[in-house]
Amino acid sequence: MGFSAAQLVFFSVLALLLVNVHAEPTSLGFVSIDCGLSGRPYVDEITNISYVSDDAYIATGEKHEISSEYRNLALYRSGLSLRSFPSGGRNCYAVAAAAARGRSKYLVRAWFMHGDYDGGGGSLASTPVRFDLYIGLAFWFEMTVSDAATTYAFEAITVAAAGGSSSSLSVCLVDNGHGTPFVSSLEVRPMSSDMYPDAVANQSLGLFTRGNMGASYFLRYPEDPYDRLWWTPSYGASSWLNVSARDTSSISYAQTDHIRVPVAVLRTAITTANTSVPLVVNTYSTSIGRVPPPADAAYFHFLHFADFDQQQQQRQKRRFDIYYGSSTRYVYRNEPVQLNPIHNRTTPSYYASGAYSLSNVSLVATNGSVLPPLLNAMEVYYSIPHDGIATAPHDVDAIMAIKTEYQVKKNWMGDPCLPKEFIWTGLQCRREGTEYKIISLDLSYSNLNGAISADFSLLQSLQSLNLSHNNLSGSVPDSLTNLSSLILIDLSGNHFNGTLPEALCTKSSLNLRYDTSNGDPCNGMKSPKKKNISVRTLTVAIVTPVVAVLLVSAVLILCFCKKKRKQNVTEGLVQQYSPCSIQPTGTPDSGSHVDLKDHIQMADDHEFTYEELVRITNNFSDCIGEGGFGPVYRGQLQDSVQVAVKKSSRASLHGQGIREFLADINSLQTVHHRHLVLLIGYCTNRDHLALIYEYMPNGSLFDHIRAKYSKLTMPLFSRYYFSSRLTMRSDVFSFGVVLLETVTGEPPIMPGVGHVVQRVKQKVSDGDISGIVDPRLKGAYDMGSVWKVVDIALLCTREVSDDRPTMTEVVEHLKDAFALEEARHIDPINDNSQGNINTDLSANWGPSAR
């Protein structure tokens, strides 16, 4: 993007390299990652640097090798493979910095070579692949790949985030909607803390260019012990003259030098023919590209000088002034000097040829100078600002240790809490000053094995810890009692032995959940608020899901009721209903009844004839909805009792439709509850199968959630998959679908995009958290609460019925979700909602007639 309104701040650091050599690193501490490597570690034949696979640094993405026709174009062996990220949104490499012996400043380099790995290399010129790179939470640059044969390299100098016991950094690739992100290799090189002093905790330096002036060769490690890449300039001027040192033994570093340019670079330089010709160096680019916002952008110029012919220097003087643009001046006087940075504000110039000039540096000989100006090397960096807001370092240490110990395979990459759209699954965070603290951690159903880690107790702001339904064993550690803010801990569904810590059992403010199948682990120490969950005791299969529906409904209603109602319930319901697409003729059918009597366990006085249905519904004149079985009509019995008549369509009169018809009759006539609609009767006319229910004048649960009302009536109809029989496990599956409908605001089946279960699973796999929740909520919900609902809904809809939780377990999870949402409204200061509610919730699809 252009910088027409941006003011760029130029800093120049000049180092005269004359005396006192600084010590080189005593240990390399290099981290070299060959992304997508499937083989064993290796030593690169050119650099003699060891490379390892990226498997230990990232768990997402796909491994690829470049096309065979591009293999001989790769600069290094690490360019032969790559890792792409077609899903996930943000994918991060976590690079621990402990190996660098306490250093916190690093050079980070990313390499990219497309090599037609996906067969799309031919279209890159017209449709480049673009994606964003971040250092931690700070935007680094937008990568643009326009040629499959080109190798791209980008560098930055950064200060790793300080942790509680170590420092660490991460490099993240973020999909911006313009192609699949990929990376060939990552390299991390430790630097001395005094190097590049402009790289600080709140600012990294992104390399724009680095030039080895006067040289005809490229160099890196081992000539540069810090493995910087020194390129021969791709730009130049006819007035430049290349010179080189015959003897470099006299070249040494000044005590104040913070760059440590390698001697191999300083042995060459550019100059001009005489003192009357200034040495002009223009820094330009065909495109500035997308870098951090212009208001924060600053370009840093590092000019490096070493007058390597000391004998000539003693006989003749080399003096020149250094100008940026036309006004700022530094003075070079052949003596050790470290000048303070000078600010010079300007904007880059744009030329008709399509190039941007970022700076114009002129070295002009003074009147008393005998020798023309000279320049050995130059580096140009741009500012990468960090706002300083991140997850608390101690929390990062703790959650990373937990991730490593239990091999958590969720979207746990990058900063745990930020940005909000990429918050780690199962976490809830709260901002305290410039830090975010983890206040809720849900690892239920996460296949955790072993003992409870002491690292959980390091999350000092934790209020809720859910470890239920894993394979955890051993004793519950006393360290959990150190979590003073803890108000809920769920240990049920594991294999612990022994008693629980007394402090947990007796803490009156703690909601403690555990199993009692093998006795009471609190041994009578528990306070009245503790929750014993016996895995052998189940509530009635129908009453339990009703409670669960009330809970999840309450969660969403709390969200909706924050705004004023814009229309009454009747208007909302009328707008949502769609006219029936199948209209009966009203003519009595002469056909006989279908032979279903042996399959119906209901008294004969509940059977209606088709003629009675015509009369009850006034010839099917008032259609109130339509479902998979057929249209639904409102009617009235002789005693003025209103009913809903669900009539079969022709398509439902075969196979599965008959089985569903029988299942509805035999299940609903045996189950009675005040929150379930009552089955009044049925019709077995061969061409007009029908079910007669009590009519719900106030609408269904879905209608009321959409209409923002808290007093609910509850039509909970079972959906039968496969067997069409009412079982607890099939109820669980059906209820999971209902939960997903409620959270997404979408019908179960949408043409062209499949079932709601598959849609949500795909979005979870992609890490698309915000894309799951009904967008009309405008983010006004507690993220942790809604994700508890999504998690349990996906467990309910597992393909293998034995893998599904019981409804008792579902209710316990939904209680937690309700508590989180309720707390958001009670404590607005700690509101973890994501935005504001859109009160226009009129749906453009009608409620299902079941």
Side-chain angles (χ1 to χ4, degrees), residues 391-392 394-406 408 410 412 416-417 423-430 436-496 500-515 521-522 526-527 529-533 782-785 787-789 791-792 795 809 812-824 830 832:
T391 303
H394 288 281
D395 280 12
V396 174
D397 280 351
I399 200 67
M400 287 299 294
I402 292 168
K403 174 186 176 181
T404 301
E405 180 169 349
Y406 295 108
V408 178
K410 302 176 185 288
W412 284 22
C417 298
I423 187 173
W424 289 9
T425 301
L427 266 63
Q428 186 176 352
C429 303
R430 180 178 62 204
Y436 275 77
K437 302 289 185 65
I438 298 173
I439 63 171
S440 178
L441 175 56
D442 186 351
L443 285 172
S444 59
Y445 297 94
S446 296
N447 297 316
L448 307 186
N449 293 282
I452 294 182
S453 171
D455 293 309
F456 287 107
S457 64
L458 300 179
L459 298 170
Q460 289 296 307
S461 298
L462 203 61
Q463 298 177 7
S464 174
L465 176 61
N466 189 347
L467 300 176
S468 64
H469 302 286
N470 287 292
N471 297 314
L472 297 172
S473 57
S475 60
V476 176
D478 292 332
S479 59
L480 291 181
T481 63
N482 298 328
L483 296 173
S484 59
S485 300
L486 201 61
I487 60 176
L488 184 148
I489 179 170
D490 194 341
L491 304 174
S492 58
N494 287 287
H495 311 290
F496 300 116
L500 296 178
E502 181 177 357
L504 291 181
C505 293
T506 58
K507 185 177 181 181
S508 60
S509 61
L510 177 63
N511 185 351
L512 176 62
R513 297 176 180 173
Y514 52 83
D515 298 332
C522 276
K526 64 181 187 228
S527 70
K529 290 189 177 183
K530 301 300 174 284
K531 306 288 185 179
N532 302 336
I533 303 176
D782 182 277
M783 179 63 77
S785 174
W787 270 100
K788 281 182 179 292
V789 176
D791 285 343
I792 195 62
L795 291 173
E809 294 165 342
E812 292 301 324
H813 281 277
L814 293 178
K815 284 180 179 178
D816 294 342
F818 177 75
L820 290 172
E821 179 62 32
E822 191 175 42
R824 182 173 73 88
N830 295 329
N832 290 289

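Count residues from 1 along the sequence.
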Anything under 30° is parallel, anything over 60° is perpendicular, the rest tilted; go ahead and classify Tyr445 against His813.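 The arrangement is tilted - the two ring planes meet at 30° to 60°.
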Between Ser453 and Glu405, does any side-chain donor sit less than 3.5 Å from a side-chain acceptor?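 Yes.
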Has [X] got a side-chain atom pairing as donor or acceptor with [Y]'s backbone, closer than 3.5 angstrom?
| X | Y | value |
| --- | --- | --- |
| Ser785 | Ala817 | yes |
| Asn449 | Asn447 | yes |
| Lys507 | Leu486 | yes |
| Ser446 | Ser444 | yes |
| Arg430 | Ser461 | no |
| Asn511 | Leu488 | no |
| Asn470 | Leu443 | yes |
| Thr391 | Val396 | no |

Nearest 0.5 Å, please: how far is [atom2] in [Y] from [atom1] in [X]?
| X | Y | atom1 | atom2 | answer |
| --- | --- | --- | --- | --- |
| Leu472 | Leu491 | CG | CG | 8.5 Å |
| Phe456 | Ile402 | CZ | CD1 | 4.5 Å |
| Asp397 | Asp455 | CG | CG | 9.0 Å |
| Tyr436 | Ile423 | OH | CD1 | 9.0 Å |
| Ile489 | Leu504 | CD1 | CG | 6.0 Å |
| Leu458 | Asn482 | CG | CG | 9.5 Å |

Give the minimum heavy-atom separation between [X] and [Y], together with the two atoms involved.
| X | Y | result |
| --- | --- | --- |
| Ile438 | Ile399 | CD1-CB, 4.1 Å |
| Cys505 | Leu500 | SG-CB, 3.7 Å |
| Pro521 | Tyr514 | CG-CD1, 3.4 Å |
| Ser468 | Asn494 | CA-ND2, 3.9 Å |
| Ser457 | Leu483 | O-CD2, 3.4 Å |

Evaluate the side chain to side chain contact (heavy atoms under 4.5 Å, CB included) criterion for residues Ser492 and His469: first the C-alpha distance (whole Å), next the side-chain angles of each, then the deciding distance (0.1 Å), finally the verdict. CA-CA 6 Å; Ser492 58; His469 302 286; 4.2 Å; yes
So does Arg513 pair up with Asp816, basic N to acidic O under 4.0 Å?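 Salt bridge between Arg513 and Asp816, a charged N being under 4.0 Å from a carboxylate O: yes.
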Begin from the C-alpha positions of Lys788 and Asp442 and carry the test salt bridge (Lys or Arg N to Asp or Glu O under 4.0 Å) through to its verdict. CA-CA 8 Å; Lys788 281 182 179 292; Asp442 186 351; 3.1 Å; yes
Are His495 and Asn471 close enough, and set up right, to give a side chain to side chain contact (heavy atoms under 4.5 Å, CB included), and what steps lead you there? CA-CA 6 Å; His495 311 290; Asn471 297 314; 3.8 Å; yes
Can you find a heavy atom in the side chain of [X] that is under 4.5 Å from one in the side chain of [Y]?
| X | Y | value |
| --- | --- | --- |
| Asp490 | Leu465 | no |
| Asn466 | Leu441 | no |
| Val476 | Pro501 | yes |

Please evaluate residues Phe818 and Leu814 with respect to the criterion side chain to side chain contact (heavy atoms under 4.5 Å, CB included), reporting the C-alpha separation (whole Å), side-chain torsions for both, the decisive distance (0.1 Å), and the verdict. CA-CA 6 Å; Phe818 177 75; Leu814 293 178; over 6 Å; no
Test side chain to side chain contact (heavy atoms under 4.5 Å, CB included) applied to Trp412 and Leu427, step by step: CA-CA 10 Å; Trp412 284 22; Leu427 266 63; 3.7 Å; yes
